[in-house]
Amino acid sequence: MQPSGVSARQRKPLSVRFFNRDAATVARELLGKLLVRRYQGELLVGRVVEAEAYLGQIDPAAHASAGQTPRNAVLFGPPGVAYVYFIYGNHYCLNVSCMPAGSAEGVLFRALEPVSGLATMAKLRGLDLRASELHDLRLAGWSSRLRSISSGPGRLTQAMAITREAHNGMALTSARSELFLADDGWRPERIAVTPRINVTKAADRLLRFLIAGNPFVSAKRIR
DNA sequence: TTATAGATTGCCT
DNA sequence: GGCAATCTATAAT
């Protein structure tokens, strides 16, 4: 499988309408799209290779299952907005709200394939990658260290300097935004669907979507 | 007021 | 494979 991130095609931001649909559809269609972060004058870009759908109040595994709280309020708002939460005392996780206000569906970003800004992303992750490793992407494949830049929900937020304080509640639908989603026309060949990772409730629901064969998909441990 | 589980990761053996 | 790190929400005392 060749790296997908070398396209110079135009990047068009995803619309509010894109997110105004059920989370499973949005999660599936987000695969192959770009997450773009403006960071200190540089563009950090990653392609979405793994995402999970959470179906709001009817979904026992969703943060919204117990109703609206200050933490999850963004999920109950309009579509296309970032919901960032802090988990296990260590990590931020990025979601985007789906469906109209009043419905609390959302999609969790679980893994990205780095496209540009690799050196900065590696630095934000605390990885001391050699220049030769950073060039891996343009050559044949990916080193395991390179793979750890953004393969995991906590890793990708760290690689893009995404925090709750800075980004929770931010609309992800404007190309002028500090953080947004875009479509460059690239499409995955094959999509796989599995149960969600590390959820104990509704553990049999097939709501995890990933690009089959992509090396940046997160570890598949299921508790 | 205290306990515990959680949409995780990295380091240890 | 085990487990510590350590914030947040909710359940139990």
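We use all heavy atoms of the structure for the numbers below, so side chains are in, but hydrogens, waters and symmetry mates are not. Naming convention: chains lettered A, B, ... in sequence-line order (proteins, then strands); numbering from 1 in each chain.
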Student: Tell me the interatomic distance from A:H63, atom NE2, to B:dA5, atom C1', rounded to whole angstroms.
Tutor: 11 Å

Student: What's the separation between atom CD in A:E50 and atom CG in A:L31, rounded to the nearest 0.5 Å?
Tutor: 9.0 Å

Student: So, for A:T157 and A:G154, which heavy atoms are closest and what is the spacing to 0.1 Å?
Tutor: OG1-O, 2.9 Å

Student: Strictly under 3.5 Å: I want the nitrogen or oxygen pairs between protein and nucleotides 4-7 of chain C, one per line.
Tutor:
from	atom 1	to	atom 2	distance (Å)
C:dA5	N3	A:N90	ND2	2.5
C:dT6	O2	A:Y88	O	3.0

Student: Does a nitrogen or oxygen in the side chain of A:N198 sit under 4.0 Å from OP1 or OP2 of B:dA7?
Tutor: no

Student: A:N168 has an atom CG; how far is it from atom C1' of C:dT8, in whole Å?
Tutor: 13 Å

Student: Does A:T200 put a side-chain nitrogen or oxygen below 4.0 Å from OP1 or OP2 of B:dG6?
Tutor: yes

Student: What are the atom names and distances for every N/O pair under 3.5 Å that joins the protein to nucleotides 11-13 of chain B?
Tutor:
none

Student: Please enumerate all residues that pass salt bridge (Lys or Arg N to Asp or Glu O under 4.0 Å) together with A:R37, with sequence neighbours excluded.
Tutor: A:E178

Student: Can you list everything that forms a side chain to side chain contact (heavy atoms under 4.5 Å, CB included) with A:A175? Sequence neighbours excluded, please.
Tutor: A:P13, A:F180

Student: Between B:dT8 atom C1' and A:L108 atom CG, what is the distance in whole Å?
Tutor: 11 Å

Student: Same hydrophobic cluster for A:L112 and A:V84, using side-chain heavy-atom links shorter than 4.5 Å among ILVMFWY?
Tutor: yes

Student: Starting at the 5' end of DNA chain B and moving along, which residue's nearest nucleotide shows up first, A:S148 or A:A64?
Tutor: A:A64

Student: Mind checking salt bridge (Lys or Arg N to Asp or Glu O under 4.0 Å) for A:R187 and listing every partner two or more places apart, or none if nothing turns up?
Tutor: A:D183

Student: Under the side chain to side chain contact (heavy atoms under 4.5 Å, CB included) test, which residues partner A:V74, sequence neighbours left out?
Tutor: A:V81, A:Y83, A:N168

Student: What residues join A:L207 in its hydrophobic cluster, counting side-chain heavy atom gaps under 4.5 Å, either direct or through other members?
Tutor: A:L55, A:I58

Student: Let's see if you can work this out: which of C:dT8, B:dA7, C:dT10 has an atom nearest to the side-chain heavy atoms of A:R71?
Tutor: C:dT8

Student: For DNA chain B, which consecutive runs of 3 or more Watson-Crick or G-U pairs (each distance under 3.5 Å) count as stems?
Tutor: B:1-6 with C:7-12, B:8-12 with C:1-5

Student: Pick the P atom in C:dC3 and in B:dA5, then give their distance to the nearest Å.
Tutor: 15 Å

Student: Rounded to the Å, how far apart are A:Y54 OH and B:dG6 C1'?
Tutor: 11 Å

Student: Just grab all the side chain to side chain donor-acceptor pair (under 3.5 Å) pairs involving residues 97-107 of chain A, residues at least two apart or on different chains.
Tutor: none

Student: Identify every side-chain donor-acceptor pair in residues 18-28 of chain A under 3.5 Å, counting partners at least two apart or on other chains, and give the distances.
Tutor:
from	atom 1	to	atom 2	distance (Å)
A:R21	NE	A:F18	O	2.9
A:R21	NH1	A:E29	OE1	3.4
A:R21	NH2	A:F18	O	3.2
A:R21	NH2	A:E29	OE1	3.3
A:D22	OD1	A:T25	OG1	2.7
A:D22	OD2	A:A24	N	3.3
A:D22	OD2	A:T25	N	3.0
A:D22	OD2	A:T25	OG1	3.1

Student: Atom CZ of A:R208 and atom P of B:dT8: how far apart are they, to the nearest Å?
Tutor: 11 Å

Student: Quick one: A:E50 CD to B:dT8 C1', roughly how many Å, whole number?
Tutor: 13 Å

Student: Taking side chain to side chain contact (heavy atoms under 4.5 Å, CB included) as the test, write out the residues that go with A:A122, two or more places apart.
Tutor: A:L127, A:L129, A:I149

Student: To the nearest Å, how far apart are A:L55 CG and B:dA7 P?
Tutor: 14 Å

Student: From CG of A:L94 over to C1' of B:dT8, roughly how many Å is that when rounded to an integer?
Tutor: 15 Å

Student: Which pairs count as ring-ring contact (aromatic ring centres under 6.0 Å, His included) when at least one residue sits in residues 91-123 of chain A, sequence neighbours excluded?
Tutor: A:F86-A:Y92

Student: Is there a side-chain polar atom (N or O) of A:R125 under 4.0 Å from OP1 or OP2 of B:dT9?
Tutor: no

